[in-house]
Structures are given as C-alpha cells and as structure tokens.
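Keep in mind that the numbers below use all heavy atoms, side chains included, and drop hydrogens, waters and symmetry copies. Heads up: numbering here begins at 1 and tracks the sequence. On a predicted model such as this, the values are computed, not experimentally measured, just so you know.
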Amino acid sequence: MSATIGLKQKSGYNAFKLYTLILVLSPILRQYKSGIPGVTLAELTLGITSLLVFGKGFKISLNKALPLIYLWFIGVFLSLNSYFFQQGIYFESVSRLIRFSFYVFLVVIATNCFQLSYALKILKILSIAVSIYIIGQTIVYNILGVILPFKILPFPLWNDIDTGYMLNFASKYYFRPSGVFVEPGYAAQFLLPSLAFSLFGWRNEEKVDYKCVVLIFTAMILTTSAQGIFLGMFVLGVFLMYKIRKNEKFTGVYEKLLLIALILILLVAFFSLDYIQLAINKVTGEVRAGSSFALRVYRGFAVFAQLPVIYKIVGVGHGNMGNFVLANDIITKYDSAKTTLDFADYSSGLSTVLVSYGIIGFLFLIAMYISLVRNTKGAFRLIGMTFIIMSFVANISFSVLIVFYLSLIYSGYTDRNVKLHNSKVVLL
C-alpha cells in the first residue's frame with residue numbers, strides 16, 4: 001500500500017517538474033507555431049502538461065492568485081456588458097478572452113505545483129547559455145559578418161523572420177543580437193528575472209552571483225533593447241539602494257554623498273557608451289506617428305482619452321480595442337499613416353487594460369500590482385516591480401509572459417494566509 005502511494009506521489013512530482021520546465025521554457029516556445037491554427041507551441045505544451053498535473057488530483061488553493069482572478073472576473077463581466085452596449089461582438093474578441101482565461105488557469109495551476117528550486121536551476125542554465133550565445137552572435141557578426149541562427153526548434157516561427165532579414169537590417173542600420181529569440185526585446189524579457197535572482201544569490205546564498213550579473217547584463221546591453229537596458233538598470237539600481245539602506249557603513253552624511261557622487265560618475269560613463277546611446281535614441285527619437293515606441297507607450301492612453309464616457313468606465317471589451325477604434329474612427333497623433341486592425345490593436349499592457357476594462361477594471365489591475373509588491377520580498381519583489389514597469393512599454397498582461405512572470409513571483413509569495421511549500425529561497 002505504501003509503495004503504491006509512494007509511486008503516485010513520485011508520479012505527481014514528476015508531472016509538477018515537467019509543468020515547471022515548460023513554464024520556464026514558455027518565453028522561447030511562444031515564438032513557434034504548434035500546428036494548431038492560432039495556438040503557439042508554448043500554449044499547447046502548457047495545456048497538455050497542466051492536464052497531466054490536474055489529473056493527479058491535487059488540491060487547488062486560490063489564495064495567491066485571487067487578485068488576478070478578481071481582475072479576470074471583472075474583465076469578463078465588463079466585457080460582456082460592453083459588447084451588449086455596442087450591440088455587437090467579434091470573433092477575435094471572444095477568442096482573446098478565452099486565451100486570457102486560459103492564461104489565468106495556467107497561473108492558478110502554477111501557484112499550486114510550481115517547483116521553485118528546480119525552476120531556478122533550469123532558469124540559471126538557460127540564462128547563462130542565452131547570454132553567452134548573444135555575446136557569441138555579436139563577436140561572430142563583427143568578425144565574419146555572419147549571423148548565427150536564432151531558430152533552434154524544428155517548428156515554423158510565429159513571426160516570419162529569418163537570418164536573411166536580420167542580416168539585411170544589420171547592413172542598413174546596426175546589428176542587434178537576440179540569442180534564441182526573434183526579437184532582442186524578447187531576450188531581455190526572458191533575462192530580467194534571472195538578473196534579479198543573480199543579485200540575490202539564486203537560492204540560499206546571500207552572496208551576489210557577480211559572474212551571472214555581469215554576463216546577463218552585458219548580453220542585455222548588446223541586444224540594444226531599450227526596455228531591456230533601462231529595466232536592467234532599474235533592477236540594479238533598486239538592488240543597490242536596498243544594499244545601501246541595509247549597510248551600516250553608509251549611515252553617515254559624508255559617506256552617502258561620496259557614494260552618490262561615485263554613482264553619478266559611473267552613470268555618466270555608462271550613458272556615454274555607444275550601445276546605451278542607441279537605446280536612448282530609440283526612446284527619445286521614436287516618439288513619432290507610427291513608430292513602435294509611440295504605438296506601445298502613448299497610443300493606448302490617447303485612445304482612452306477619446307472614448308465616450310460610458311466606455312471610459314466599463315471599457316470597450318476584452319480584445320476589442322482595434323475593432324472599436326476602426327468602427328468609431330478614433331484617430332490619434334501616434335497612429336501610422338495606414339491604420340490596419342493590427343496597428344489599431346497595438347498598445348502596452350497597462351493601456352490595453354484601461355481601454356478594454358475601463359476605469360473599473362484598471363483599479364482591479366492596480367490592486368493586483370499592489371498585492372505583487374506587498375506580498376513579496378527580495379528577488380521576487382524586484383521581479384514584481386519589473387513586471388509592473390514592463391506593462392507600461394509592452395503588452396505583457398495578455399501574452400503568455402504573464403504566466404511566466406506570475407509563476408515566478410507567486411512562488412515567492414509571503415502572504416499571511418499562504419503557507420509556502422517547496423521554497424528554499426531566502427526572502428530578504
């Protein structure tokens with residue numbers, strides 16, 4: 001009898017490890033088609049492994065993910081009401097709502113079975129490998145003029161991009177290594193949590209993993225991804241402030257002034273680097289109509305400002321921003337010359353929630369963000385803060401990245417009502 005129970009427990013644990021592995025790999029797998037129309041490889045594999053986990057009959061606790069569940073519930077409720085007010089509904093809106101519901105389901109499963117120690121081991125190996133490959137891509141291109149492949153799986157990519165396209169872009173402008181990702185920004189989004197974990201020693205160690213920090217941040221700089229570089233600097237800056245606040249050596253006024261002067265000198269030197277100047281120019285020089293930066297960061301809020309009052313309150317419905325904009329001839333100064341449905345849908349995660357769910361839904365999003373910071377410490381809080389800031393510049397809220405980030409963040413939750421299991425990470 002005991003042998004049978006032990007076998008079931010081992011089988012369940014292996015299913016948990018497999019689900020954790022796919023979660024860690026999901027930022028890479030999401031770039032590939034699964035063979036099922038409209039479904040990425042990440043979504044397919046996460047769906048299959050979640051069913052394996054669910055089949056083990058483990059008890060589900062909703063405590064950690066309650067703020068996310070509330071956001072999902074109010075989002076569905078407001079969307080249905082908004083569709084009713086508009087007297088119409090689009091297939092894209094329904095399919096996107098189903099997809100987001102699936103992501104919430106995946107996060108809830110992860111909060112109950114995520115194997116943190118195993119995840120950190122895999123994440124560290126992958127982050128080091130990706131960082132080394134990005135550096136290698138940079139060296140090989142500058143010496144031989146050849147771009148090392150970023151497609152590593154025998155599946156078609158979701159975006160029709162190949163090394164020829166990247167080589168043509170590099171010859172016209174400059175080379176942007178991306179590792180095993182189709183875009184440098186995707187590489188940065190994957191590496192940011194590892195940067196935070198490296199600063200806090202990954203597991204039980206209180207000592208900073210300097211080798212990983214230098215390697216990962218160097219790779220992020222080489223990608224020239226503006227969000228990667230500035231968010232990486234944010235992670236390093238917050239960690240430095242945390243260490244200064246804890247260090248008794250820097251309690252005096254003169255010591256603090258000396259440290260501030262040293263930091264300012266280092267910042268001036270850092271911002272003078274060519275790679276950093278490229279990232280700065282992308283942010284300061286691309287606030288023009290139709291640019292990727294303008295569409296992602298500013299356009300969503302500009303659309304919200306033009307919504308009728310009722311839709312400012314309840315939103316236009318999940319996944320319905322593009323259709324609503326085109327149907328109501330909403331034009332902003334950030335739009336491209338030719339506004340297609342894809343461009344009309346383009347915005348950051350934060351502004352997408354505001355437009356989709358209105359002020360009511362936006363308040364629920366803020367409540368979720370507050371819970372992420374309040375109930376976490378150390379690396380987990382830093383990743384939570386990074387996740388929040390990233391939602392200003394990327395549509396992370398409604399992509400599979402929300403599963404990747406929230407699974408990591410919730411694994412370090414310290415909520416009074418949540419008793420953590422399988423967590424050996426020091427919460428500082």
Side-chain angles (χ1 to χ4, degrees), residues 12-13 15-24 26-27 42 46-47 49-76 99-120 122-123 192-193 196-197 200 203 349 353 361 363-391 396-428:
Y13 179 71
F16 295 168
K17 287 184 70 174
L18 179 60
Y19 187 60
T20 301
L21 174 64
I22 299 300
L23 276 171
V24 175
S26 60
L46 282 171
T49 51
S50 67
L51 292 177
L52 293 176
V53 170
F54 204 74
K56 299 304 172 183
F58 73 109
K59 294 182 179 179
I60 294 180
S61 172
L62 302 179
N63 286 350
K64 296 180 185 178
L66 271 179
L68 173 65
I69 294 172
Y70 290 149
L71 174 64
W72 167 79
F73 178 81
I74 198 67
V76 172
R99 188 186 299 268
F100 180 58
S101 302
F102 176 59
Y103 293 158
V104 174
F105 167 77
L106 293 176
V107 173
V108 171
I109 296 297
T111 59
N112 292 270
C113 73
F114 192 76
Q115 304 296 299
L116 181 57
S117 298
Y118 178 68
L120 291 182
I122 300 300
L123 188 61
L192 279 166
F197 281 125
F200 282 91
R203 294 184 63 186
V353 171
L363 292 176
F364 277 83
L365 177 69
I366 298 302
M368 188 189 82
Y369 284 167
I370 292 173
S371 74
L372 294 181
V373 176
R374 187 185 65 180
N375 295 312
T376 51
K377 294 181 180 179
F380 302 101
R381 176 173 290 180
L382 201 48
I383 295 170
M385 294 167 68
T386 304
F387 173 80
I388 294 169
I389 296 174
M390 195 183 299
S391 69
I396 190 173
S397 301
F398 297 125
S399 76
V400 77
L401 278 179
I402 195 175
V403 184
F404 173 69
Y405 269 86
L406 290 187
S407 297
L408 289 172
I409 296 167
Y410 284 142
S411 67
Y413 236 47
T414 57
D415 188 280
R416 291 186 299 272
N417 299 319
V418 178
K419 185 177 180 180
L420 290 179
H421 299 283
N422 190 46
S423 177
K424 297 181 180 179
V425 175
V426 177
L427 301 175
L428 301 176

*Asks:* Tell me which donor-acceptor pairs under 3.5 Å the side chains of residues 398-407 have, and how far apart each pair is, sequence neighbours excluded?
*Replies:*
{"unit_1": "Ser399", "atom_1": "OG", "unit_2": "Leu401", "atom_2": "N", "d": "3.2"}
{"unit_1": "Tyr405", "atom_1": "OH", "unit_2": "Gln189", "atom_2": "O", "d": "2.6"}
{"unit_1": "Ser407", "atom_1": "OG", "unit_2": "Val403", "atom_2": "O", "d": "2.6"}

*Asks:* Evaluate whether atom CZ of Phe102 has more than 12 neighbouring non-hydrogen atoms of other residues, nucleotides or ligands under 6.0 angstrom away.
*Replies:* yes
*Asks:* With a 6.0 Å cut-off on ring centres, are Phe105 and Phe100 close enough?
*Replies:* no
*Asks:* Just do the side chain to side chain contact (heavy atoms under 4.5 Å, CB included) check on Leu46 and Tyr19 with the steps written out, would you?
*Replies:* CA-CA 7 Å; Leu46 282 171; Tyr19 187 60; 4.0 Å; yes
*Asks:* Can you tell me how far the CG atom of Asn375 sits from the CD1 atom of Ile409, to the nearest 0.5 Å?
*Replies:* 11.5 Å
*Asks:* Distance check, rounded to the nearest 0.5 Å: Leu363 atom CG versus Tyr70 atom OH?
*Replies:* 16.0 Å
*Asks:* Quick check for you: to the nearest 0.5 Å, what is the distance between Leu120 atom CG and Leu116 atom CG?
*Replies:* 4.5 Å
*Asks:* Please find the pair of heavy atoms, one from Gly47 and one from Ser50, that lie closest to each other, and give the distance.
*Replies:* O-OG, 2.7 Å
*Asks:* Would you give the length of the straight line joining atom CD1 of Ile122 to atom OG of Ser117, rounded to the nearest 0.5 angstrom?
*Replies:* 12.0 Å
*Asks:* Would Tyr369 and Phe364 count as a side chain to side chain contact (heavy atoms under 4.5 Å, CB included) if you check the C-alpha gap in whole Å, the side-chain angles of each, and the deciding distance to 0.1 Å?
*Replies:* CA-CA 9 Å; Tyr369 284 167; Phe364 277 83; over 6 Å; no
*Asks:* Do Thr49 and Val53 pass the side chain to side chain contact (heavy atoms under 4.5 Å, CB included) test, and can you show the C-alpha distance, the side-chain angles, and the key distance before you say yes or no?
*Replies:* CA-CA 6 Å; Thr49 51; Val53 170; 5.6 Å; no
*Asks:* Measuring from Phe114:CZ to Leu23:CG, what's the distance to the nearest 0.5 Å?
*Replies:* 6.0 Å
*Asks:* Side chain to side chain contact (heavy atoms under 4.5 Å, CB included), that's the test. Do Leu68 and Trp72 meet it? Break it down for me.
*Replies:* CA-CA 6 Å; Leu68 173 65; Trp72 167 79; 5.6 Å; no
*Asks:* Cut-off 3.5 Å, side chains only: do Tyr413 and Thr111 have a donor facing an acceptor?
*Replies:* no
*Asks:* Minimum heavy-atom separation for Ile74 and Leu71, please, with both atom names.
*Replies:* CG2-O, 3.3 Å
*Asks:* Can a donor-acceptor pair be found, under 3.5 Å and without considering hydrogens, that links the side chain of Tyr103 to the backbone of Ser397?
*Replies:* no
*Asks:* For Val353 and Gly361, which heavy atoms make the closest approach, and how far apart are they?
*Replies:* CG1-O, 4.2 Å
*Asks:* Name each donor-acceptor pair under 3.5 Å that joins a side chain in residues 382-389 to protein atoms two or more places apart or in another chain, with its distance.
*Replies:*
{"unit_1": "Thr386", "atom_1": "OG1", "unit_2": "Leu382", "atom_2": "O", "d": "2.8"}

*Asks:* For residues Asn112 and Phe16, determine if any side-chain heavy atom of one lies less than 4.5 Å from a side-chain heavy atom of the other.
*Replies:* no
*Asks:* Looking only at heavy atoms, which two atoms of Arg381 and Arg374 are closest? And how far apart?
*Replies:* NH2-O, 3.8 Å
*Asks:* Calculate, to the nearest 0.5 Å, the distance between atoms OG1 and OH belonging to Thr376 and Tyr410 respectively.
*Replies:* 10.0 Å
*Asks:* Do Leu21 and Tyr118 touch side chain to side chain, with heavy atoms closer than 4.5 Å?
*Replies:* yes
